[in-house]
Amino acid sequence: MNEKRPVFTIGHGASDFFGLLSVLERHGVTTLVDVRSVPYSRHAPDFVKATLEEHCRAAGLGYRWMGDRLGGRPGSGDREAVAPAGFAGALGEIGHLSSGGNVALLCSEADPAHCHRSSVLAPALEAAGHHIVHLLHDGSAVPHQPGLFEPGEA
């Protein structure tokens, strides 16, 4: 039986592309899957979709945008609203991509505790048999633990 590779997650936060790339390279990531609903940032110009695609290509890193199917949709107030049509198919694509190399899901929030990567995507991918690992900006890797990264009540 083939064991599935881990699926990594990372948030760009205030980092630039090259800081993020250093962490991705450290963990052997070959494909970056952008799960931002809106692949744009006023505060982090390296992460505007066209610029990010260009940086990834130059670094030899694959890039896919799946925010239309895996994005967080901030402001909806409903964490389940992140599962639009195509959600299950996109999870299958993540599985397919990870069979060929290490994949990292990218969002803007640096802290997984405040991102749909841990509250929505990680549980769905774990249910499909994947092991989820959150990459932090210091280069460390933290295995997903239900409840550990999920936001508490305010």
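Both V35 and F87 are assigned to one and the same hydrophobic cluster, defined by single-linkage of ILVMFWY side chains at heavy-atom distances under 4.5 Å. Under the 4.5 Å side-chain heavy-atom criterion for ILVMFWY residues, no single connected hydrophobic cluster contains both L52 and V103. One hydrophobic cluster, built from ILVMFWY side chains closer than 4.5 Å, holds both M66 and L121. V133 and V23 fall within a single hydrophobic cluster, where Ile, Leu, Val, Met, Phe, Trp and Tyr side chains are chained together by heavy-atom contacts under 4.5 Å. Linking Ile, Leu, Val, Met, Phe, Trp and Tyr whenever their side-chain heavy atoms come within less than 4.5 Å puts V120 and L70 in one cluster.
Taking SG of C107 as the reference point, atom NE2 of H114 lies at 13.0 Å (rounded to 0.5 Å). In this structure, D111 CG and H137 NE2 are separated by 9.5 Å, a value rounded to the nearest 0.5 Å. The distance from atom CZ of R36 to atom NE2 of H116, rounded to the nearest 0.5 Å, is 11.0 Å. Interatomic distance, SG of C115 versus CD1 of I10, reported as 11.5 Å (0.5 Å rounding). Taking SG from C56 and NZ from K49, the interatomic distance works out to 11.0 Å, rounded to the nearest 0.5 Å.
In terms of heavy atoms, V48 sits closest to S41 at CG2-O, 3.8 Å. Here the closest heavy-atom approach between residue A44 and residue G13 is recorded as CB-O, 4.3 Å.
E109 and R117 are not joined by a salt bridge, as no carboxylate oxygen comes within less than 4.0 angstrom of a charged side-chain nitrogen.
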Evaluation steps, side chain to side chain donor-acceptor pair (under 3.5 Å), between H12 and S108: CA-CA 5 Å; H12 68 72; S108 58; 4.8 Å; no
Verdict with reasoning, R57 to Y63, per side-chain contact (heavy atoms from CB on, under 4.5 Å): CA-CA 8 Å; R57 189 175 13 264; Y63 174 84; over 6 Å; no
List the steps, then state whether side-chain contact (heavy atoms from CB on, under 4.5 Å) holds for L136 with V142. CA-CA 8 Å; L136 306 179; V142 180; 3.7 Å; yes
Starting from the C-alpha separation in whole Å, work towards a yes-or-no answer on side-chain contact (heavy atoms from CB on, under 4.5 Å) for L32 and R64. CA-CA 6 Å; L32 190 63; R64 285 277 189 72; over 6 Å; no
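Between H131 and P143, the closest side-chain pair of non-hydrogen atoms falls below 4.5 Å. Side-chain contact between L24 and L20 is present, with at least one heavy-atom pair separated by less than 4.5 Å. A 4.5 Å side-chain heavy-atom check between T31 and L61 finds every atom pair outside the cut-off. Using a 4.5 Å heavy-atom cutoff, the side chains of I94 and V33 are in contact. Looking only at side-chain heavy atoms (C-beta outward), R5 and H130 stay at 4.5 Å or farther from each other. Contact annotation: the side chain of I132 never approaches that of F8 to less than 4.5 Å [non-hydrogen atoms, C-beta and beyond]. Residues S118 and H144 form a side-chain contact, since some pair of their non-hydrogen atoms from C-beta on lies under 4.5 Å apart.
Heavy-atom contacts from other residues, nucleotides or ligands closer than 6.0 Å to CD of E54 number 12 or fewer.
Ring geometry for F17 against F47 counts as tilted: the plane angle lies between 30° and 60°, on a 0 to 90° scale.
Under the 3.5 Å distance criterion, the side-chain polar atoms of D34 are left unmatched by any main-chain donor or acceptor of G67. Counting only distance, with no hydrogens or angles, the side chain of H27 and the backbone of G139 share a donor-acceptor pair below 3.5 Å.
Aromatic rings of F18 and H55 (six-membered ring for Trp) have centroids within the 6.0 Å cut-off, being under it.
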